[in-house]
Amino acid sequence: GIELKNLNFDGEIASYLLNPSESKYDMLNLLNQYSGINTSGIDADDKNGIAALYVQKLDDIKRNMLTEINKHGMNELFEKIEMPLIEVLSSMECLGFKVDAQILHDIGFELSEEIDKLTGEIYDIAGSEFNINSPKQLGVILFEKLNLPVIKKTKTGYSTDAEVLEELSDKHEIVDKIINYRQLVKLKSTYTDGLISCIGKDGRIHSSFNQTVTATGRISSTEPNLQNIPIKMEQGRRIRKAFVPENDEYVIISGDYSQIELRVLAHISQDKSLINSFVNNEDIHRRTASEVFGIPMDEVTPLQRSRAKAVNFGIIYGQSDYGLSKELKISRKEAKSYIDNYFKRYSGVKDYLDSAILDAKDKGYVTTLMNRIRYIPEINSTNKNVKKFGERLAMNTPIQGSAADIIKIAMVKVYSRIKKEKLKSRLILQVHDELIVEAYKNEIDYMKQLIKSEMENAVKLSVPLVVDINVGNNWYEAK
DNA sequence: TTGACACGC
DNA sequence: GCGTGTCAA
Ligand SMILES: [Mg+2]
């Protein structure tokens with residue numbers, strides 16, 4: 001019920017923009033970096049003393065930070081995006097998302113039954129009882145008792161991750177049951193039990209949205225994390241049926257950007273072919289397959305399209321031929337030919353990614369669409385692996401960070417219009433390329449248009465931004 | 001506290 | 001590439 005008004009400067013956010021890789025933006029750190037005083041003699045436990053000094057030096061700290069923000073051209077990012085976003089996130093936290101506990105209990109009960117059944121079967125096959133949740137104990141069973149081949153090792157012993165289990169699945173009947181067990185236990189512990197424990201007295205889940213955690217400008221969500229609710233597998237996806245509107249006067253509307261990162265890449269690289277693909281609204285993975293494999297669009301097979309999709313993801317991540325070969329389970333040579341072909345066809349993308357690495361080396365940092373910065377010290381490492389990692393950061397950060405800039409602009413715009421026009425609908429969640437609105441039924445058509453247009457027109461790029469809108473009686477149905 | 005693992009974009 | 005939660009040790 002308390003309003004946030006006339007906020008124009010937040011020190012934590014200002015310092016986050018000046019270096020988003022820091023882990024703490026507390027008063028002592030800010031004093032040390034921006035007040036000009038020597039803080040080496042200050043007792044870190046003296047909270048009152050630090051707070052008093054911070055207030056005393058606030059004018060200096062503020063002036064120094066704003067000067068730096070200005071130098072980097074981040075004025076608009078700070079004043080027009082990040083500062084207004086504080087109220088948007090605060091509102092999302094206060095509103096929360098209503099959750100039907102009964103649905104979660106029902107799913108949880110089903111999961112328990114299946115887990116119990118699988119547990120018994122696994123013990124029977126193994127010939128002994130052990131903690132299946134312990135990778136260490138599971139490793140002993142799989143690789144010592146049952147003598148299955150060791151696929152890969154971790155720092156501490158045998159790896160038993162999903163990729164390893166997948167490879168072992170036709171070697172022993174226990175493996176599929178373990179794969180299944182893992183999935184179900186994850187759903188039960190993190191999602192049914194975990195979410196139930198977060199439901200407030202108002203029947204809603206109030207996540208925390210952190211604005212100063214990620215190095216790229218994305219927001220993060222904790223207690224609970226509402227940005228990783230299952231969607232890929234149907235069994236997990238059903239969890240979304242528990243996320244419901246307040247009552248039957250409301251529905252859930254979801255607006256999600258189509259291919260926002262590749263569109264951002266087309267824009268910042270100005271690659272002619274990639275821009276053309278999006279201007280013509282092509283199926284981008286099919287087009288990539290056609291270019292990489294040198295075949296007409298209508299002759300692309302499902303496998304080729306799927307591989308091209310992995311190539312596109314790899315480009316965004318700055319993936320090497322080695323990384324792509326592991327992802328697609330193909331030879332390094334074959335992966336290299338995919339990437340080489342891609343860069344021949346999309347030479348503007350190649351030039352751009354090279355320039356991002358040069359930027360990181362020359363200036364020490366890379367930037368996004370709205371001039372958000374991220375320092376990349378890894379790029380100067382003498383350790384080859386660290387240096388390569390730095391190069392991937394230099395390539396990925398402008399893409400991921402620009403997408404974050406865009407959806408933040410859209411959030412501020414959607415929120416402002418709802419407030420100004422005194423609508424009953426509410427912005428309640430953001431999941432990186434998606435906004436979720438709890439919409440009043442009389443406002444459905446209006447909100448669909450409002451969300452679509454504010455998201456698509458958040459910024460003007462060389463390619464269109466496309467947003468898909470879906471409506472449903474719960475989050476699952478809004479797909 | 002850390003590492004392994006699994007969920008999301 | 002970017003995150004967070006759970007569990008075991
Ligand atoms: Mg999408």
Side-chain angles (χ1 to χ4, degrees), chain A residues 20-21 23 130-140 152-166 178-195 197-198 207-233 235-237 239-240 254 256-262 264-265 310 312-320 323-324 327 353 356 366 368 372 374 376 378 388-404 406-407 429-436 475:
Chain A
S21 305
S23 54
F130 63 102
N131 188 345
I132 311 167
N133 299 326
S134 162
K136 192 172 171 206
Q137 293 183 37
L138 179 61
V140 171
K152 65 178 174 187
K153 306 206 72 173
T154 66
K155 229 184 280 186
T156 52
Y158 312 115
S159 170
T160 66
D161 68 16
E163 190 190 330
V164 167
L165 295 179
E166 202 54 55
I178 292 165
I179 293 173
N180 202 218
Y181 174 92
R182 277 251 174 92
Q183 264 182 351
L184 301 186
V185 165
K186 176 72 177 176
L187 290 178
K188 175 116 170 60
S189 61
T190 304
Y191 298 107
T192 60
D193 296 352
L195 288 173
S197 76
C198 293
S207 179
S208 296
F209 297 102
N210 204 313
Q211 207 175 339
T212 59
V213 164
T214 71
T216 54
R218 280 183 172 182
I219 60 174
S220 77
S221 161
T222 57
E223 292 182 302
N225 182 355
L226 293 186
Q227 291 180 322
N228 71 342
I229 304 301
I231 192 166
K232 291 189 173 109
M233 303 283 207
Q235 194 156 26
R237 192 170 186 155
I239 299 282
R240 293 178 175 230
S254 156
D256 82 289
Y257 283 110
S258 163
Q259 304 294 348
I260 189 170
E261 291 185 333
L262 286 173
V264 160
L265 177 60
N312 280 328
F313 268 99
I315 298 297
I316 291 167
Y317 298 157
Q319 204 170 44
S320 63
L324 185 65
E327 176 73 30
L353 294 174
V366 292
T368 68
R372 186 189 302 279
R374 179 186 185 178
I376 317 275
E378 294 88 348
K388 286 281 178 200
F389 179 62
E391 291 176 358
R392 293 196 290 277
L393 296 181
M395 294 187 272
N396 172 261
T397 297
I399 302 171
Q400 187 182 126
S402 297
I406 292 169
I407 197 165
L429 186 60
Q430 183 250 49
V431 190
H432 309 307
D433 72 341
E434 174 184 20
L435 297 183
I436 313 284
W475 194 3

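Quick note on labels: first sequence line is chain A, next is B, and so on, each numbered from 1.
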Going by heavy atoms in the side chains, are [X] and [Y] under 4.5 Å from each other?
X        : Y        : result
A:Val164 : A:Tyr158 : no
A:Ile315 : A:Leu353 : yes
A:Trp475 : A:Ile229 : yes
A:Ile239 : A:Thr192 : yes

* Distance only, no hydrogens: is a donor on one side chain within 3.5 Å (strictly under) of an acceptor on the other, for A:Ser208 and A:Glu223? -> no

Just checking [X]: base, sugar-phosphate only, or nothing, at a heavy-atom cut-off of under 4.0 Å?
X        : result
A:Gln319 : nothing
A:Leu187 : nothing
A:Ala215 : sugar-phosphate
A:Ala404 : nothing
A:Val213 : sugar-phosphate
A:Ile229 : sugar-phosphate

Looking at [X], I'd like to know whether one of its side-chain N or O atoms comes within less than 4.0 Å of OP1 or OP2 on [N].
X        : N     : answer
A:Thr160 : B:dC5 : yes
A:Asn225 : C:dG5 : no
A:Arg182 : C:dC7 : no
A:Lys186 : B:dC7 : no
A:Thr156 : B:dA4 : yes
A:Thr190 : C:dT6 : no
A:Thr216 : C:dG3 : no
A:Gln400 : C:dG3 : no
A:Thr397 : C:dG1 : no
A:Arg218 : C:dG3 : no

Of the nucleotides [options], which one has an atom closest to the side chain of [X]?
X        : options             : answer
A:His432 : C:dA9, B:dA4, B:dC9 : B:dC9
A:Asp433 : B:dC9, C:dC2, C:dA8 : B:dC9
A:Val431 : B:dC9, C:dC2, C:dC7 : B:dC9
A:Glu223 : C:dA9, C:dG5, C:dG3 : C:dG5
A:Phe389 : B:dA6, C:dG1, B:dA4 : C:dG1
A:Arg374 : C:dC2, C:dG3, C:dG5 : C:dC2
A:Thr222 : C:dT4, B:dC9, B:dG8 : C:dT4

Calculate the interatomic distance between [X] atom [atom1] and [N] atom [atom2]; express it in whole Å.
X        : N     : atom1 : atom2 : result
A:Leu429 : B:dG8 : CG    : C1'   : 11 Å
A:Asn396 : B:dC9 : CG    : C1'   : 11 Å
A:Gln183 : C:dG5 : CD    : C1'   : 17 Å
A:Asp161 : C:dT6 : CG    : P     : 21 Å
A:Ile219 : C:dG3 : CD1   : C1'   : 11 Å
A:Leu138 : C:dA8 : CG    : P     : 12 Å
A:Gln227 : B:dC7 : CD    : P     : 17 Å
A:Asn133 : B:dA6 : CG    : C1'   : 12 Å

* Asked: What's the shortest heavy-atom distance between A:Ala404 and A:Thr216, and which atoms?
  ->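 For A:Ala404 and A:Thr216, the tightest heavy-atom pair comes out as CB-O, 4.5 Å.
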
* Is any NZ, NE, NH1 or NH2 atom of the basic residue among A:Arg182 and A:Glu166 found under 4.0 Å from an Asp or Glu carboxylate oxygen of the other? -> no

